[in-house]
Undergrad: 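Before anything else, here's the structure in question.
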There are 2 protein chains.
Amino acid sequence: MKSGEAAVKQAEEKQSAEKPTGRARGIDRVIALMEHLHDRRAPTRIADIARDTGTPRSTMYELVNTLVEARWLELRDGDGTVYFGPAMHYYGSDYLDSVDLIRKARVEVAHIAETVGETAQFCTLDGDKYLVVLNEPGRRMFRISSEIGIKVPIPWTASGRLLVDHLDAEEIRRFIPSEDFTLPDGRRIAEDEFLEDMRRARTQGYVRTTALVDRFTTCLAAPVRDPSGRCIATICFVVPADTTEEAQQMMIDTLKASAERLSPGR
Amino acid sequence: MKSGEAAVKQAEEKQSAEKPTGRARGIDRVIALMEHLHDRRAPTRIADIARDTGTPRSTMYELVNTLVEARWLELRDGDGTVYFGPAMHYYGSDYLDSVDLIRKARVEVAHIAETVGETAQFCTLDGDKYLVVLNEPGRRMFRISSEIGIKVPIPWTASGRLLVDHLDAEEIRRFIPSEDFTLPDGRRIAEDEFLEDMRRARTQGYVRTTALVDRFTTCLAAPVRDPSGRCIATICFVVPADTTEEAQQMMIDTLKASAERLSPGR
DNA sequence: ACCGTTTGTCCGAAATATCGGACGTCGGTC
DNA sequence: GACCGACGTCCGATATTTCGGACAAACGGT
C-alpha cells in the first residue's frame, strides 16, 4: 500500500480534529469516502477506504451498498474494489452546463485542442491553489490522466502567474503559502523571480513557463478577465519543451483570441 | 410552480412505495435530492426540493448546508436556489477517465463533432432505456442543453435500433415497455416497423431516423460492438433533417470508422 | 493440508441524527 | 399598517442508524 503514511495521517486527522467522538453521520462518511477516492484516483478496496478514512468497516460496507445501488459508485474488476459510478458523471455534466463561463470554455478548449493538436486546459483558483477545470488531451495523448479537480500550488504553474495578477508583492506573500514556492523536485522559486514573471505577463498578455513541474514540458497560458480587468481564469496549452518558437507563437495567438472571447462583458 | 403535478406525485411515491415510515437516513435524503436536481436540470429553491422529495424542511436545510460546504452543491444567483457544485464535476471526470471505452469515445466524439461541425453523441443502454453518455455540441449549437444522463425510450432513437440488435422479436416485446413505442407527440411506432428498421440496420451497419422525437431532426448512428458482435454502445450525429444526402453519407462513413475504432478486440 | 489474513454479513445496544413544530424576519399585497 | 406567505434557524424528543465485535467463507502462502 503506497499511500500508507498519508492515509494513516488522514485517518488520525479525521478522528482528532473533526470528530472527538467516534460516531459520525452517514453523509459525512460518504463525503470522506468520495474525497478519498478522488485523491487516490483509482478503484479501491472497501476495507482500505474504511481504514484510511477512519470509518468502521461495517458502516463502510453498508454505505457502499447504498451508493452502488444509486449508481454513485461502481464495483470494479471483480476484485472487491469500488470507484465512481455513472451518476457522478451526470451530475457533473449538469454542473458544467449550468455555469455560463465553463460552458463557453468547453467549446473553446475543445476547439483549440482539436485544431492545434495539443493538450488544452481551462483553469481557475480554488482558495490559494491552482485548479484544472477542463482538460482536453491533444492528438499527442501523452499524460493521459487528467488533473481535473486536483489542487496544485500556484507557483508551479504558468496560469498561476496570471491568476494572482491583481495582488501586489505583499499580498502575494500573504496569500500563497511559503512552502508552495518549492517545486516537486526540491528546487525553490525565488519570490522576486515570480513577481517578475507576473509583471512580464501583464504587459505581454500571456505567460510561458518551461520545466517547472516537469522537466520536459512547457506551459502557455492566457488570461480570461472580468470587466474590471481581474483575471478570473486562464486558458492554456501544455506542450513538449522542444516545440518550435514559431509554433509556440501561433499557439499564444490562439490562446489570446480564445481568452478574449471568454472574457465577459467585452 | 410549473412542476407541480409531477412533484406531488413523486413525493407521494416516495412516501408510499419506498418508506412506510416518515423517517429516513440522511444519505437516502441526499440521493433523492440529487436525483431531483438532475430531473429538474435547474437551480431549485430548498423549500421546493424538500416538498418535492417528501423531506422535512428542517432536514433539507441541514443537509444542504453540509453539501454546500463539501462543494457538492452551490448556492446560486443570490435567490435561495441550489444546484450541483464543482465536486460533482471532479468526481464525474474521474469516472469518465476510469472507464476505458468511455475515455476512448471522448476522443472520437470530440474529433468528429469538431471536424464535421455537427452535434455528436455516444450512447448506451441503461436498463430498458436509452441513455446519452457523451454529447459534444457542433458548431451549430442548436439545442444547447445536453441530455446527458437522461433516460429515453429505446424506440424514440436511432441508436436504440442498434442497441437491441441481439434480441429477437419476442425478446424485444418483453424487453421494451409497450408504452415506449408511443412518441412524445402521441404517434405510435408499429412493432414490425421497428423490427424492420433493426434488420436493415444490421445489414447496412448504421441507422438513420428522421422526425422521431422532434420533427426537424435526423439522427445517424453506428454500432460499437464487442468481440462477440453484440452492440454495446453507439456513436451518432444529430443533424437538421434537411441536411443533404451527400453530407449525410459522409457522416455515416465517419461514424462507421469511429465506431470501428471503438469496438474492443478488433 | 494447515494456518493466518482478508472479505463480507449479521446482530444488539446506545449514541444521536432526524423530525415536527415553534419562532423571528423579510417582502409583497390589499 | 396590518396581514399573509415564504424563508431560514433553533430546539427537544425519540425512532433509528451507526458502531463494535463475532462469525463463516474465501483466499493464499508454506
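Reminder, nothing fancy here: chain letters follow the sequence lines and each chain counts from 1.
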Undergrad: Provide, to the nearest angstrom, the distance between the CG atom belonging to B:L63 and the C1' atom belonging to C:dT18.
TA: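 So the two atoms are 9 Å apart, to the nearest Å.
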Undergrad: What's the closest nucleotide to the side chain of A:P56 if the choices are C:dG20, D:dG20, D:dT18?
TA: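 My answer, after comparing the listed nucleotides, is D:dG20.
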Undergrad: On the 0 to 90° scale, with breaks at 30° and 60°, tag the A:W72-A:Y91 ring pair as parallel, tilted or perpendicular.
TA: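 It falls in the perpendicular class, over 60°.
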Undergrad: Please pick, from C:dT9, C:dC19, D:dC19, the nucleotide with the shortest atom-to-atom distance to any side-chain atom of B:A24.
TA: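 Looking only at side-chain atoms, B:A24 lies closest to C:dC19.
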Undergrad: Just by modelled atom types, is the B:T66 backbone N or O under 3.5 Å from a matching donor or acceptor in the B:E69 side chain?
TA: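 The answer is no, because no donor-acceptor pair under 3.5 Å joins these two groups.
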Undergrad: With nearest nucleotide decided by heavy atoms, which residue, A:G26 or A:N65, maps closer to the 5′ end of DNA chain C?
TA: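 Nearest-nucleotide comparison on DNA chain C picks A:N65.
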Undergrad: Roughly how many Å is it from CG in A:L75 to P in C:dT7, rounded to a whole number?
TA: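 Distance check: A:L75 CG to C:dT7 P gives 14 Å.
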Undergrad: Measure the angle between the two terminal helix axes of the helix from C:dA1-D:dT30 to C:dC30-D:dG1, five base pairs each, and quote it to 10°.
TA: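 So the angle between the two local helix axes works out to 40°.
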Undergrad: From CG of A:L33 over to P of D:dT18, roughly how many Å is that when rounded to an integer?
TA: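 In whole Å, D:dT18 P and A:L33 CG are 13 Å from each other.
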Undergrad: Could I get the full list of side chain to side chain contact (heavy atoms under 4.5 Å, CB included) partners for B:R215, not counting sequence neighbours?
TA: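 If we apply the side chain to side chain contact (heavy atoms under 4.5 Å, CB included) test to B:R215, skipping adjacent residues, there are no hits.
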Undergrad: Any donor-acceptor pair under 3.5 Å linking the side-chain atoms of B:T55 with those of B:T53?
TA: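 Indeed, the side chains of B:T53 and B:T55 share at least one donor-acceptor pair under 3.5 Å.
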Undergrad: Residues in side chain to side chain contact (heavy atoms under 4.5 Å, CB included) with B:T182, at least two apart?
TA: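 Residues passing side chain to side chain contact (heavy atoms under 4.5 Å, CB included) with B:T182: B:R188.
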Undergrad: Ignoring backbone atoms, establish whether A:T59 has a side-chain N or O less than 4.0 Å from OP1 or OP2 of D:dC19.
TA: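 True: A:T59 side-chain N/O within range (under 4.0 Å) of D:dC19 OP1/OP2.
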Undergrad: Select one nucleotide: of C:dC19, D:dC19, C:dA17, the one nearest the side-chain heavy atoms of A:R25.
TA: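 Out of C:dC19, D:dC19, C:dA17, the nucleotide with an atom closest to A:R25's side chain is C:dA17.
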Undergrad: May I ask you to say whether A:D48 pairs ionically with A:R51, meaning some side-chain N is under 4.0 Å from a carboxylate O?
TA: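 Salt bridge: yes.
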Undergrad: Who are the side chain to side chain contact (heavy atoms under 4.5 Å, CB included) partners of A:P153, not counting sequence neighbours?
TA: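 Side chain to side chain contact (heavy atoms under 4.5 Å, CB included) check on A:P153 returns A:P155, A:W156, A:D180.
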Undergrad: Can you name the atoms? Protein N/O to nucleotides 6-8 of chain D N/O, anything below 3.5 Å, with the distance.
TA:
from	atom 1	to	atom 2	distance (Å)
D:dC7	OP1	B:R45	NH1	2.1
D:dG8	OP2	B:Y61	OH	2.9
D:dG8	N7	B:R57	NH1	3.1
D:dG8	O6	B:R57	NH2	3.0

Undergrad: Would you kindly give the CE-to-P distance between A:M60 and C:dG8, to the nearest whole Å?
TA: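 Those two atoms, CE and P, are 13 Å apart.
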Undergrad: Report the residues that fulfil side chain to side chain contact (heavy atoms under 4.5 Å, CB included) with A:A110, sequence neighbours left out, ordered by chain and then residue number.
TA: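 In terms of side chain to side chain contact (heavy atoms under 4.5 Å, CB included), with neighbours along the sequence ignored, A:A110 is linked to B:E136.
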Undergrad: Could you tell me how far apart A:E62 (CD) and D:dT17 (C1') are, to the nearest whole angstrom?
TA: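 Taking atom C1' of D:dT17 as the reference, CD of A:E62 is at 8 Å.
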Undergrad: Side chains of B:S98 and A:R76 only: does a donor on one sit below 3.5 Å from an acceptor on the other?
TA: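 A donor-acceptor contact under 3.5 Å links the two side chains.
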Undergrad: Taking atom P of D:dT16 as reference, at what distance in whole Å does atom CD1 of A:I27 sit?
TA: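 Distance, rounded to whole Å: 20 Å.
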